[in-house]
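Remarks on the structure that follows.
Numbered from 1 within each chain, the chains take letters A, B, ... in sequence-line order.
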Amino acid sequence: MQIYNTLTRRKENFETLEPGVVKMYVCGPTVYNKAHVGHAMSALVFDIIRRYLLYRGYQVKFLMNFTDVDDKIIQRANEMGIDPFDLAEGYIQEFQQHLKDLNILPATINPRATQTIPQIISMIQTLIEKGYAYPVDGDVYFRVQKDEDYGKLSGRKLEDMQAGARIEVDSRKEHPMDFALWKAARPNEPFWESPWGKGRPGWHIECSAMNLAHQGEQIDIHGGGNDLVFPHHENEIAQTESLTGKPFARYWVHNGMLQLSGEKMSKSLGNIVSIEAFLTQHSGDVLRLMVINSGYRNPLTFNDEVLEQTERALDRLHSALRPALPNAAGASEQMLQTLKNQIAATREGFVASMDDDFNTAGALGYLFELVRVINQARAEGATNQELQAAQDTLRELLNVFGLKMETPSTEKHQAAAFIDLLVELRSELRKQKLFALSDTIRDRLLDLGVVIEDSKEGSTWRWK
RNA sequence: GGCGACGUGGCCAAGUGGCAAGGCAAGGGUCUGCAAAACCCUGAUCAUGGGUUCAAAUCCCAUCGUCGCCUCCA
């Protein structure tokens, strides 16, 4: 199995620190507002990676954090006149529900910045002792010049960054790129007691501390959006590796940004489609399939046309899971052999694609080939029993992708007997060539979400 | 200005040295009372210009274009 590593900018063979176990950490959201579909994309990417690792027999320890204290949370809470911790808690609950709705497996642990304060303080103390950090007026800064390979993840040099820096330089800092590990509390801000006075952690240190606390000094996969490469992940590396003297993560994995009308979707740009809004219009499977249908490292095109196309593609996947035609007489030996061969070819192609840096789009292509052959076999009269192995394979691999492939709900089930009755009566009308009436029944049922399909063997119906 | 990524049929998108996956849409056909679904058939030489090679979408150089990061950001 090969994984693209941002640190080396190429694909590398995947070897874990401990055989059979993957320690994985993904940067979660800062919970100061509703999450949008870009956050969902990232969560989906790493959920799919995790599911595939599980499929390949790994045990996966999966952490995703919540940044639940920072400037924006405090600012927003003050504007709304509520407690910042309550604000954060509300958005955390909401995000957890979104993850569930998107069929994302729950994390092994969801650490939070506010629950890791003692570890953060102790980490900062050690960094100060080792000369990698220095306190100023209740703040503590990381000393980037002390870290010789600072910039290795993002491929930047300190000199280059100084040249292009657009930030206002804080004269108390030794170097413009030094970043805060600890921030002194201002009036009306939440704080914790520390050796440097009342304050709260900086943004980057929490992830380092959470990993140290829950995973140890080294992890296998560290993930997040590619907008986190610099400065967030760069700084995580600087902190952790300065402390431990060991490589932090073996593989740095970054997903591309979701693009709305050619731009990154982000809270600051204001071009947001919230997960909540999306899920009122579409199933979670649709967004998941959009993610699957393209490379996780590339930008993901998100617009109404692509959404519509993905809905149709999802319909096609569903089509292969439909039962045999009524009165199916059985398919030819040749057809059954083709079906059997395609099952093997699909399995093989799926794994080969996914082994190559989680090439979901390539793997999906093989699934569609299986779809075609299943539908061919059904059209030639294959029975449910003859279709079973292929459909089971398809279901199994769709499940590796995390697609739910749900169809009817229980309340609809209660209507099934009545629909059966209508379809039966309609068949009688058709025999009597009372087509106007039978078409009316078909149209009216379609309005109610029931699709009737006729064949020479009889009529079938399904939920739209 | 610095660093990086990308540009494949109408749309989305794999492939990254050896005759260009897949999905959506479109056109034609089979089936059907009609319809729907499904099935069958049809289309790209890979931004542009050079170069390397027996061979390039795939490597190198240049140009144009798009996007990301350099500030909070999945």
Side-chain angles (χ1 to χ4, degrees), chain A residues 6 9 26-30 32 35-46 64 67 70-72 75 151 154-157 159-168 177 203 223-232 234 254-259 262-269 289-290 292-295 297-303 305-317 319-320 322 325 349 353 356 359-369 371-372 374-380 430 433-436 438-439 442-443 446 451-456 459-460 462:
Chain A
T6 305
R9 308 216 175 259
V26 178
C27 285
T30 299
Y32 73 94
H36 57 70
V37 288
H39 297 111
M41 176 203 176
S42 187
L44 285 165
V45 162
F46 291 102
M64 192 195 71
T67 299
D70 91 327
D71 291 342
K72 288 196 170 175
Q75 187 192 333
S154 55
R156 294 154 204 257
K157 295 171 187 155
E159 310 87 73
D160 296 341
M161 288 188 282
Q162 272 176 289
R166 284 187 270 153
I167 44 175
E168 278 183 51
M177 296 308 294
W203 176 35
N226 68 11
D227 54 348
L228 296 180
V229 172
F230 190 90
H232 187 50
E234 193 70 74
H254 293 100
N255 63 277
M257 294 292 99
L258 184 142
Q259 301 282 127
E263 271 185 322
K264 177 174 90 159
M265 183 176 292
S266 86
K267 291 172 185 170
S268 44
L269 287 173
L289 190 57
M290 285 178 72
I292 290 166
N293 188 43
S294 85
R297 287 191 279 128
N298 297 331
L300 182 67
T301 306
F302 183 93
N303 59 44
E305 189 182 4
V306 172
L307 255 168
E308 182 58 30
Q309 291 174 3
T310 308
E311 296 265 19
R312 297 286 78 77
L314 192 58
D315 288 345
R316 181 162 172 76
L317 290 174
S319 77
R322 289 179 203 155
L325 297 176
S353 291
D356 181 12
N359 182 353
T360 52
L364 180 63
Y366 287 100
L367 261 40
F368 275 113
E369 285 180 15
V371 165
R372 175 166 37 78
I374 289 171
N375 285 339
Q376 275 173 348
R378 185 194 301 100
E380 289 193 14
R430 291 180 65 225
K433 300 199 185 297
L434 296 169
F435 295 123
S438 64
D439 286 355
R442 186 173 62 198
D443 293 345
L446 184 62
V451 182
I452 294 185
E453 289 167 356
D454 302 325
S455 75
K456 55 174 174 271
S459 301
T460 60
R462 60 187 163 84

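Taking the side-chain hydrogen bond (donor to acceptor under 3.5 Å, both in side chains) definition, one finds that Asn298(A) meets it with nothing, sequence neighbours left out. Every residue two or more places apart in sequence or in another chain that forms a side chain to side chain contact (heavy atoms under 4.5 Å, CB included) with Asp439(A) is listed here: Arg442(A). Listed by chain and number, the residues in a side-chain hydrogen bond (donor to acceptor under 3.5 Å, both in side chains) with Thr6(A) are His254(A) (sequence neighbours excluded). Qualifying side-chain hydrogen bond (donor to acceptor under 3.5 Å, both in side chains) partners for Glu263(A), counting only residues two or more places apart in sequence or in other chains: none.
Arg378(A) places a side-chain N or O within donor-acceptor distance of the main-chain N or O of Arg322(A), the cut-off being under 3.5 Å. Checked by atom type and distance alone, the side chain of Thr67(A) never pairs as donor or acceptor with a backbone atom of Thr30(A) at under 3.5 Å. Glu234(A) contributes a side-chain N or O that, together with a main-chain N or O of Gly151(A), makes up a donor-acceptor pair within less than 3.5 Å.
With a cut-off of 3.5 Å on both pairing distances, C34(B) has no Watson-Crick or G-U wobble partner at all. Both distances falling under 3.5 Å, in either a Watson-Crick or a G-U wobble arrangement, place C39(B) opposite G29(B). Partner assigned to G9(B) is none, using Watson-Crick or G-U wobble distances below 3.5 angstrom. Across every strand in view, C3(B) sits in a pair with G68(B) that passes the Watson-Crick or G-U test at under 3.5 angstrom. Across all strands shown, U58(B) forms no Watson-Crick or G-U wobble pair with both distances under 3.5 Å. Using Watson-Crick or G-U wobble geometry with both donor-acceptor distances under 3.5 Å, C46(B) finds no partner in any strand shown.
Comparing the P positions of A57(B) and A47(B) gives an interatomic distance of 10 Å, to the nearest angstrom. For the P atoms, the distance from G18(B) to G10(B) is 26 Å, rounded to whole Å. Between C24(B) and A5(B), the two C1' atoms lie 26 Å apart (nearest whole Å). With C1' as the reference atom, A20(B) and C46(B) are 8 Å apart, rounded to whole Å. Atom name P, nucleotides C54(B) and C12(B): the rounded distance is 38 Å, in whole Å. The same atom, P, is picked in U52(B) and in G15(B); the two are 29 Å apart, to the nearest Å. U66(B) and A55(B) have their C1' atoms separated by 31 Å, with the value rounded to a whole Å. As rounded to the nearest Å, U45(B) and U58(B) have P atoms that lie 15 Å from one another.
Minimum atom distance to the side chain of Met177(A) is reached by U71(B), of the listed A37(B), A74(B), U71(B). Of all nucleotides listed (G22(B), G68(B), A38(B)), A38(B) comes nearest to the side chain of Ser319(A). Across G2(B), A74(B), C40(B), the shortest atom-to-atom separation from the side chain of Gln376(A) is found for C40(B). Here the nucleotide nearest the side chain of Asn375(A), chosen from C72(B), C39(B), A74(B), is C39(B).
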Subject >> Under 4.0 Å protein heavy-atom contacts per nucleotide of nucleotides 5-16 of chain B, with B for base, S for backbone only and - for none >> reply: ------BBSSS-
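When rounded to the nearest whole Å, the span between CD of Glu234(A) and C1' of G4(B) equals 13 Å. One interatomic measurement links the two molecules: CG of Leu446(A) to P of A37(B), which rounds to 11 Å at whole-angstrom precision. Put simply, CZ on Phe230(A) is 13 Å from P on C69(B), counting in whole angstrom units. Taking atom NE2 of His232(A) as the reference point, atom P of C70(B) lies 13 Å away to the nearest angstrom. The separation between Asp227(A) atom CG and G68(B) atom P is 11 Å, rounded to whole Å. Separating the OH atom of Tyr366(A) from the C1' atom of G22(B) is a distance of 10 Å, rounded to the nearest angstrom. Atoms CZ (Arg316(A)) and C1' (A21(B)) sit 14 Å apart, rounded to a whole Å. Leu325(A) places its CG atom 14 Å from the C1' atom of A36(B), with the value rounded to the nearest Å.
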I'd like a table of atom pairs between the protein and nucleotides 32-35 of chain B - only N or O on both sides, under 3.5 Å - with the distance next to each one.
unit_1	atom_1	unit_2	atom_2	d
G33(B)	N7	Arg430(A)	NH2	3.3
G33(B)	O6	Arg430(A)	NE	3.1
G33(B)	N1	Asp439(A)	OD1	3.0
G33(B)	N2	Asp439(A)	OD2	2.8
C34(B)	O2	Arg442(A)	NH2	2.7
C34(B)	N3	Arg442(A)	NH1	2.9
C34(B)	N3	Arg442(A)	NH2	3.3
C34(B)	N4	Arg442(A)	NH1	3.4
C34(B)	N4	Asp454(A)	OD2	2.9
A35(B)	N6	Asp454(A)	N	3.4
A35(B)	N6	Asp454(A)	O	2.9
A35(B)	N1	Asp454(A)	N	3.1
A35(B)	N3	Arg442(A)	NH1	2.9

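Expressed to the nearest 0.5 Å, how far OG1 of Thr310(A) lies from CD of Glu305(A) amounts to 10.0 Å.
As judged by a 4.0 angstrom heavy-atom cut-off over every strand, Glu369(A) is placed among residues touching the sugar-phosphate backbone only. Here Leu258(A) lies in heavy-atom contact (under 4.0 Å) with a base. Counting any heavy atom pair closer than 4.0 Å across all strands shown, Gly155(A) reaches sugar-phosphate atoms only and no base atom. The residue Glu308(A) sits apart from the nucleic acid: no heavy atom pair falls under 4.0 Å.
The residue among Val229(A) and Gly365(A) whose nearest nucleotide of RNA chain B lies closer to the 5′ end is Gly365(A). Taking the nucleotide of RNA chain B with the nearest heavy atom to each of Ser154(A) and Leu364(A), the more 5' of the two is matched to Ser154(A).
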